[in-house]
Amino acid sequence: MSIQTSESVLIVDFGSQVTQLIARRVREAGVYSEIAPFNAAEEAFHRLNPVGIILSGSPASVLDENGPGIPEVILESGRPILGICYGQQSLMHQLGGEVLAGDSGEFGRAFIEIADECALFNGLWKVGETHQVWMSHGDKVTSLAPGFRPVASSPGAPFAVIANDEKRIYAMQFHPEVVHTPDGGKLLKNFVRHVCGLAGDWTMAEFRKTKIEEIRAQVGSGRVICGLSGGVDSAVAAVLIHEAIGDQLTCVFVDHGLMRMGEADQVVSLFRGHYNIPLVHVDASTLFLKGLEGVTDPEAKRKFIGKTFIDVFEDEAKKIGGAEFLAQGTLYPDVIESVSFTGGPSVTIKSHHNVGGLPERMDMKLVEPLRELFKDEVRELGRELGLPEIFVGRHPFPGPGLAIRIPGEVSRERCDILRKADAIYLEEIRTAGLYDAIWQAFAVLLPVKTVGVMGDGRTYDNVCGLRAVTSTDGMTADIYPFDAGFLSRVATRIINEVKGINRVVYDYTSKPPGTIEWE
Ligand SMILES: Nc1ncnc2c1ncn2[C@@H]1O[C@H](COP(=O)(O)OP(=O)(O)OP(=O)(O)O)[C@@H](O)[C@H]1O
Ligand SMILES: O=c1[nH]c(=O)c2[nH+]cn([C@@H]3O[C@H](COP(=O)(O)O)[C@@H](O)[C@H]3O)c2[nH]1
Ligand SMILES: NC(=O)CC[C@H](N)C(=O)O
Ligand SMILES: [Mg+2]
């Protein structure tokens with residue numbers, strides 16, 4: 001589903017690691033955009049009818065026999081196009097220029113010199129100036145397609161920025177979407193506002209309105225059940241859908257026995273206390289925990305949990321007389337990490353239970369109004385909808401819950417141990433006033449036993465890992481730099497108060513190369 005707007009930009013994804021940042025920058029310029037993988041770009045072009053098109057970077061080379069290409073329909077559309085890195089190379093490759101494999105590439109910071117006027121530089125860069133940009137390429141354009149002129153160059157890329165004013169096609173070798181190109185956001189803004197002529201009036205209030213219309217159009221007079229977890233995403237999705245269809249909506253909270261300490265009761269009473277939306281509380285802990293017996297592979301756990309969630313939702317739908325639709329608070333990062341395009345360069349990192357973990361056969365159709373957004377944008381929408389800070393400011397908690405924080409086999413007993421350690425850790429974080437400075441924090445119970453000495457006796461018990469990260473969207477993350485005093489206080493409390501743990505370690509891995517969760 002996409003927003004019905006005549007004011008959109010299509011981003012064609014060739015598999016760059018930073019494609020989603022293009023979408024962000026475009027949204028920051030007040031313009032709605034959608035990302036489509038190159039092999040679905042033609043369909044997306046017809047569906048969206050975008051005013052302009054942006055072509056992403058790629059790990060591929062246009063010189064590869066099977067290098068991904070730009071659909072002809074886009075090249076012939078007469079609409080403004082912006083090519084970024086591989087996007088530039090593929091434009092030249094397909095329009096009659098030349099691209100060669102360089103003997104050495106340019107990676108990281110580079111400086112370009114502005115050689116000529118260009119619509120992208122409007123109000124920003126002047127001829128003769130030098131500006132910092134961020135490059136990441138091995139191939140380079142060596143001759144331009146007819147109708148193009150160079151407007152900026154760097155030592156490694158003579159055609160760092162090129163323009164075809166008549167066709168309104170522009171392209172650059174560097175990445176304007178990353179923060180290391182300091183003026184990059186402004187260049188992208190110039191493309192969508194100045195070249196495409198878009199008004200830049202896309203806001204969260206606008207998003208709310210269009211999504212409500214879209215939900216009504218999709219659902220009609222059908223019934224919807226919404227998986228409600230107590231997390232930000234599903235709370236925002238539920239309130240938005242309720243605004244659209246009122247009492248056609250029933251929320252279902254599934255207690256899979258993998259929640260944190262006291263969480264199930266807290267979620268239900270908090271939601272009921274704030275909203276007059278019917279909420280069913282299902283205790284499915286035996287079903288989930290029995291099914292997880294003997295399962296140790298992270299993907300197998302995720303697939304089982306995804307499927308069992310759906311079984312429970314379908315059962316609950318029957319009890320209310322049937323529901324045609326299942327709503328979830330799925331976000332863009334859930335989607336991008338779960339998908340892998342056949343023949344494309346984007347790989348499956350992990351199957352998020354609500355996307356890649358879904359069973360192939362499903363009776364209900366999905367309603368996922370937040371599917372294009374990032375976490376911080378969902379929080380903004382939540383505030384727009386008037387959700388209290390206690391929902392909006394919550395740390396994320398993954399749908400599979402403690403199951404993916406207990407590497408190896410999950411059992412009720414191990415969940416109990418982890419719950420106690422996690423509660424102590426979070427209590428100390430709150431007491432220290434650090435909760436809002438941290439994006440997500442949790443404890444992990446390792447399948448490793450180590451030897452300790454307590455009360456002069458030998459112990460042989462589990463290791464607990466502590467994780468805390470900062471992030472804006474969960475796509476990349478840094479570790480939270482606690483001071484040593486804080487960490488040793490938490491470690492001492494956990495070891496003293498939680499039977500079954502005799503050692504505590506802190507996880508110092510950023511994302512990438514790690515992921516936030518351990519499985
Ligand atoms: N225990 C649960 N009961 C019902 N639905 C759930 C449960 N856990 C997750 N879901 C569904 O799966 C979706 C994705 O989970 P996810 O954890 O990404 O989002 P969230 O819990 O709403 O927000 P947050 O990321 O802040 O935790 C949820 O939006 C919700 O629709
Ligand atoms: O609802 C969810 N279902 C899942 O299967 C899932 N896996 C990871 N996460 C959350 O996503 C964010 C990024 O996590 P990773 O770096 O571990 O991929 C972090 O906030 C994770 O907690 C999930 N959320
Ligand atoms: N970042 C990119 O788009 C790189 C394009 C191509 N793979 C190159 O190395 O030149
Ligand atoms: Mg959650």
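One-based numbering along the sequence shown.
For the pairing with Y170, the side-chain contact (heavy atoms from CB on, under 4.5 Å) check across L120, I81, I162 returns one residue only, L120. Checked options E34, E206, E177, E377; the residue passing with R27 is E377 (criterion: salt bridge (charged side-chain N to carboxylate O under 4.0 Å, His left out)).
For the atom pair CD1 of I11 and OG1 of T19, the computed distance is 8.0 Å after rounding to the nearest 0.5 Å. Atom-to-atom distance recorded for L124:CG and N190:CG is 6.0 Å, nearest 0.5 angstrom. With rounding to the nearest 0.5 angstrom, the CZ atom of R302 is 8.0 Å from the CD1 atom of I305. Here the CG atom belonging to L100 is positioned 4.0 Å from the OG1 atom belonging to T142, to the nearest 0.5 angstrom. The CG atom of L292 sits 7.5 Å away from atom NZ of K301, with the distance rounded to the nearest 0.5 Å. Taking CZ of R394 as the reference point, atom CG of D233 lies at 11.0 Å (rounded to 0.5 Å).
N122 places no side-chain N or O within 3.5 Å of a backbone atom of A119 that could act as its donor or acceptor partner. Listed for the E28 side chain is no donor-acceptor partner under 3.5 Å among the backbone atoms of G185. Q218 places a side-chain N or O within 3.5 Å of a backbone atom of L366 that can act as its donor or acceptor partner. Judged by distance alone, the side chain of Y32 and the main-chain N or O of F207 form no donor-acceptor pair under 3.5 Å. For the pair Y86 (side chain) and G15 (backbone), a donor-acceptor distance under 3.5 Å is absent. R467 contributes no side-chain N or O that, together with a main-chain N or O of F442, makes up a donor-acceptor pair within less than 3.5 Å. A donor-acceptor pair under 3.5 Å links the side-chain atoms of T181 to the main chain of W134, judged by distance alone. A donor-acceptor pair is defined here as one N or O able to donate and one able to accept, closer than 3.5 Å; no such pair exists between the side chain of E7 and the backbone of L198. Checking side-chain atoms of S33 against main-chain N and O of V9 turns up no donor-acceptor pair under 3.5 Å. In this structure, D478 contributes its side chain and T470 its backbone to no donor-acceptor pair below 3.5 Å.
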| request: Determine, step by step, whether H256 and F309 satisfy the ring-ring contact (aromatic ring centres under 6.0 Å, His included) criterion, reporting the C-alpha distance in whole Å, the side-chain angles of both residues, the deciding distance to 0.1 Å, and the verdict. | output: CA-CA 9 Å; H256 45 23; F309 261 119; 5.6 Å; yes
| Worked verdict on R405 versus E517 for salt bridge (Lys or Arg N to Asp or Glu O under 4.0 Å) | CA-CA 7 Å; R405 294 177 178 176; E517 302 290 345; 2.9 Å; yes
| message | Checking R371 against Q328 for the side-chain contact (heavy atoms from CB on, under 4.5 Å) test, could you report, in this order, the C-alpha distance in whole Å, the side-chain angles of both residues, the deciding distance, and whether it holds? | response | CA-CA 9 Å; R371 209 178 155 89; Q328 304 195 106; over 6 Å; no
| request: Decide side chain to side chain donor-acceptor pair (under 3.5 Å) for S154 and Q173; before the verdict, give the C-alpha distance in whole Å, the side-chain angles of both, and the deciding distance to 0.1 Å. | output: CA-CA 10 Å; S154 76; Q173 185 59 75; over 6 Å; no
| request: Could you check K209 against E213 for salt bridge (Lys or Arg N to Asp or Glu O under 4.0 Å), going step by step and ending with a plain yes or no? | output: CA-CA 6 Å; K209 264 201 308 215; E213 283 165 27; over 6 Å; no
| task | Evaluate the side-chain contact (heavy atoms from CB on, under 4.5 Å) criterion for residues F174 and M135: first the C-alpha distance (whole Å), next the side-chain angles of each, then the deciding distance (0.1 Å), finally the verdict. | result | CA-CA 5 Å; F174 60 87; M135 298 268 193; 3.8 Å; yes
| said: T203 vs E384, test: side-chain contact (heavy atoms from CB on, under 4.5 Å). Steps then yes/no. | reply: CA-CA 10 Å; T203 58; E384 169 70 36; over 6 Å; no
| request: For salt bridge (Lys or Arg N to Asp or Glu O under 4.0 Å), just list the numbers for E380 and R383, CA-CA rounded to whole Å, side-chain angles, deciding distance to a tenth of an Å, and then say yes or no. | output: CA-CA 5 Å; E380 200 186 324; R383 294 194 178 97; over 6 Å; no
| request: Start with the C-alpha gap between W518 and D507, add the side-chain angles, then the distance that decides, and say whether side-chain contact (heavy atoms from CB on, under 4.5 Å) holds. | output: CA-CA 10 Å; W518 280 37; D507 179 354; 2.9 Å; yes
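E117 CD: 12 or fewer foreign heavy atoms inside a 6.0 Å radius. More than 12 non-hydrogen atoms from other residues, nucleotides or ligands lie less than 6.0 angstrom from NZ of K375. The neighbour count for H395 NE2, taken as heavy atoms of other residues, nucleotides or ligands under 6.0 Å away, is above 12. Around CZ of R216, the count of heavy atoms belonging to other residues, nucleotides or ligands within 6.0 Å exceeds 12. Atom NZ of K189 has 12 or fewer neighbouring heavy atoms from other residues, nucleotides or ligands inside a 6.0 Å radius.
Between the side chains of T330 and N354, at least one donor N or O lies within less than 3.5 Å of an accepting N or O.
In this structure, the side chains of I53 and F45 come closer than 4.5 Å at one or more pairs of heavy atoms. Side-chain atoms of W439 and P396, non-hydrogen and from C-beta on, do get closer than 4.5 Å to each other. Side-chain atoms of R79 and V51, non-hydrogen and from C-beta on, never get closer than 4.5 Å to each other. At a threshold of 4.5 Å between non-hydrogen side-chain atoms, the residues I310 and L326 count as touching. Proximity of M364 to I225: side-chain heavy atoms (C-beta onward) are separated by under 4.5 Å at one or more points. A 4.5 Å side-chain heavy-atom check between M92 and F159 finds every atom pair outside the cut-off. At a threshold of 4.5 Å between non-hydrogen side-chain atoms, the residues I22 and D13 do not count as touching. Under the 4.5 Å side-chain criterion, counting only non-hydrogen atoms from C-beta, I114 is not in contact with V151.
Contact record, G69 with F14: O-CE2, 3.5 Å, taken as the closest heavy-atom pair. Residues G329 and A237 share a closest heavy-atom pair of CA-CB, 4.1 Å. Here the closest non-hydrogen pair linking P158 and P150 is O-CB, 4.5 Å. Closest heavy-atom contact between S8 and L48: OG-CG, 3.4 Å. Among all heavy-atom pairs drawn from A101 and D139, the shortest one is CA-OD1, 3.6 Å. Contact detail for P407 and V444: the closest heavy-atom pair is CD-CG1, 3.8 Å.
Taking the six-membered ring where the residue is Trp, W125 and H131 present parallel rings, their angle staying beneath 30° rather than reaching 60°.
A salt bridge is absent between E243 and K211: the closest approach of a Lys/Arg side-chain nitrogen to an acidic carboxylate oxygen does not fall below 4.0 angstrom.
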